[in-house]
Amino acid sequence: MKVVHITTTDYGGAYRAASNISIAMRKQGIESVLLVREKSGSESVVPAIDTRLALLRSKMRNFFNLLISHGDVVNDRFGYEIHRHFLVKEADVIVLHWVNSFVSYRGVERLLRSGKPVIWVLHDMWLMTGGCHYDKECGKYQGECRDCPLLRNRVSLTCRLQKRKKKMLAFGNFTAVGCSQWITECAGKSLILNGKRCLCIQNPVNTEIYQTKCRRRESQGKKRVLFGAMSLRDERKGLDLLIKAFGYLPKEQYTLLVVGEAERQVLEGLEFEYRFWGRVESQEQMAEIYNMADVYVIPSRQENLSNAVTEAMACGVPVAAFDIGGMADMIVHHENGYLASAFEEKDLAMGIVYCIEHGERLGKNAREWVEIHNSYDVIGVQYRKLLEDLIS
């Protein structure tokens, strides 16, 4: 069985999840390969765009997409003719991940018209909304996306994009896979995916790279709290809420470890000690950073299934988070981490303290949880069963 995974970039959370799913499939004896728009690193992927002329055309298409989009409301009208690629033609099953600025609505239609099963892994909410990647709890994707809070003008854009996506998925053998129960339930309630096959399969994690490599020593030095995000300026990731939570802690006893893309000015002015790594691409280095921490904190306002949570847990690091989105799929309150009441900074601070005080027990349970629920073998078997069902 041949499977091609399609995702825009060879970096970022969606790519890492796609890569792990592909590896999990290969461990089940499935011929699985990743196809990206263009290759930027050393990862084992196939670039669809490999000439200067093709790259120029791609940039022009993306420029036009930006012109017809509106901020966070993304409109991918133009894209690469992915159906012509030899890997797509040879594949038995096509798996779409984060394909913005790569595959257009018409491109998806052409894939579905091929008659091959198409799986779309929901790393965010874009497929089910009028253009945003996360709806900020507005819930309008369940009906018509009118009066979008992200738009002051062009009020009909989100409704038009909803109709275009629904038309895009009107035919073919289509399955939506949510990475968490939360996003799977959202998909089932949405105007676009209501009536479509939607099921939940969590993302796998590499438990050989992400593992406990050294025991954290609470008695020596300050307690270390780790936070990470692709973009620290992303309001959804909740850095401001974490900073407020630190206000309930004795600052002289804690150090904040920060990983993510942003200027150092974002952290300047903090009244407690911090260490900033910036963007970290190496999984091995990231595993080392997890092992420096006493607790990983994810103060997101809205979140699907975070790779960082499963990676930290695989390293034996308990996680404190708000009880939102897909957090409860991974974190069992007081068993392998702490689920604070949504957006209650004081409760999050209590979670940080609890995870550190019970770190050995919670960390051991966290590692065991990942081995049982998120290993390559466990997730690979679930995908193999799905693929066999779709092919049959």
Side-chain angles (χ1 to χ4, degrees), residues 13 16-17 20 202-230 232 237-239 241-242 245-246 249 253-260 273-277 280 282-300 303 305-323 325-340 347-375:
R16 180 55 55 206
N20 284 335
Q202 291 192 13
N203 292 333
V205 64
N206 190 327
T207 54
E208 294 181 1
I209 292 179
Y210 297 102
Q211 58 178 305
T212 304
K213 297 181 180 179
C214 60
R215 301 307 303 168
R216 290 163 297 285
R217 295 166 293 179
E218 298 177 11
S219 60
Q220 297 183 15
K222 295 184 177 182
K223 300 171 179 63
R224 297 174 176 180
V225 179
L226 176 60
F227 166 77
M230 273 294 292
L232 300 181
K237 293 298 184 178
L239 176 58
L241 299 176
L242 176 58
F246 256 75
L249 300 173
Q253 297 180 21
Y254 292 84
T255 297
L256 178 63
L257 312 180
V258 182
V259 175
E273 181 180 309
Y274 69 90
R275 181 177 176 184
F276 179 52
W277 273 272
V280 176
S282 167
Q283 294 191 82
E284 288 75 16
Q285 183 184 2
M286 197 64 233
E288 294 293 337
I289 295 172
Y290 284 125
N291 275 278
M292 294 179 184
D294 296 297
V295 58
Y296 185 84
V297 183
I298 179 164
S300 297
E303 194 72 59
L305 190 90
S306 169
N307 292 327
V309 172
T310 52
E311 290 167 0
M313 291 173 64
C315 291
V317 181
V319 179
F322 291 126
D323 189 5
M327 294 300 102
D329 284 22
M330 301 168 288
I331 303 169
V332 182
H333 190 55
H334 284 183
E335 291 296 322
N336 59 18
Y338 190 99
L339 289 172
D347 196 13
L348 185 63
M350 292 174 60
I352 292 172
V353 173
Y354 184 89
C355 286
I356 292 174
E357 289 180 347
H358 301 84
E360 185 173 352
R361 175 178 64 85
L362 297 180
K364 180 181 177 182
N365 290 344
R367 172 68 188 189
E368 291 177 353
W369 177 273
V370 169
E371 289 176 341
I372 293 171
H373 295 90
N374 299 95
S375 69

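Screening Y290, W277, Y274 for a side chain to side chain contact (heavy atoms under 4.5 Å, CB included) involving L257 leaves a single residue, W277. In summary, of the residues considered (R275, K222, E273), a side chain to side chain donor-acceptor pair (under 3.5 Å) with T255 occurs for E273 alone.
The two residues L241 and P299 have their closest heavy-atom pair at CD1-O, 3.7 Å. In this structure, P318 and C355 approach most closely via the heavy-atom pair CG-O, 3.7 Å. Here the closest non-hydrogen pair linking I331 and A321 is CD1-CB, 3.8 Å. Between V353 and L249, the shortest heavy-atom distance links the atoms CG2-CD2, 3.6 Å. The two residues Y254 and I352 have their closest heavy-atom pair at CE2-CG2, 4.2 Å. Listed here is the closest heavy atom pair of E335 and L362: O-CD2, 3.2 Å.
Counting heavy atoms from C-beta on, the side chains of F227 and L232 come closer than 4.5 Å. The shortest side-chain heavy-atom distance between L226 and V259 falls under the 4.5 Å cut-off. F246 places a side-chain heavy atom less than 4.5 Å from the side chain of V225.
Taking CD from E360 and CG from N365, the interatomic distance works out to 10.5 Å, rounded to the nearest 0.5 Å. Going from atom CD of E284 over to atom OH of Y210 covers 7.5 Å, rounded to the nearest 0.5 Å. Note: D329 CG to Q202 CD = 5.0 Å, rounded to the nearest 0.5 Å. Rounded to the nearest 0.5 Å, atoms CE (M286) and CG (N307) are 11.5 Å apart. The distance from atom CG of N374 to atom CG of N203, rounded to the nearest 0.5 Å, is 8.0 Å. Annotation: the span from M330 atom CE to L339 atom CG amounts to 9.5 Å, rounded to 0.5 Å.
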Please determine whether side-chain contact (heavy atoms from CB on, under 4.5 Å) holds for the pair L256 and L242, giving the CA-CA distance in whole Å, both sets of side-chain angles, and the decisive distance to 0.1 Å.
CA-CA 10 Å; L256 178 63; L242 176 58; 3.9 Å; yes
Yes or no on side-chain contact (heavy atoms from CB on, under 4.5 Å) for Q283 and R16, after CA distance, side-chain angles and deciding distance?
CA-CA 10 Å; Q283 294 191 82; R16 180 55 55 206; 3.1 Å; yes
Assess whether side-chain contact (heavy atoms from CB on, under 4.5 Å) is satisfied between Y354 and V295, documenting all intermediate values.
CA-CA 10 Å; Y354 184 89; V295 58; over 6 Å; no
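By the salt bridge (charged side-chain N to carboxylate O under 4.0 Å, His left out) test, E303 pairs with R236, K237, sequence neighbours left out.
Around atom CE of M350, no more than 12 heavy atoms belonging to other residues, nucleotides or ligands sit under 6.0 Å away.
A donor-acceptor pair under 3.5 Å is formed between the side chain of N291 and the backbone N or O of Q211.
Taking a cutoff of 4.0 Å between a charged side-chain nitrogen and a carboxylate oxygen, R367 and E371 qualify as a salt bridge.
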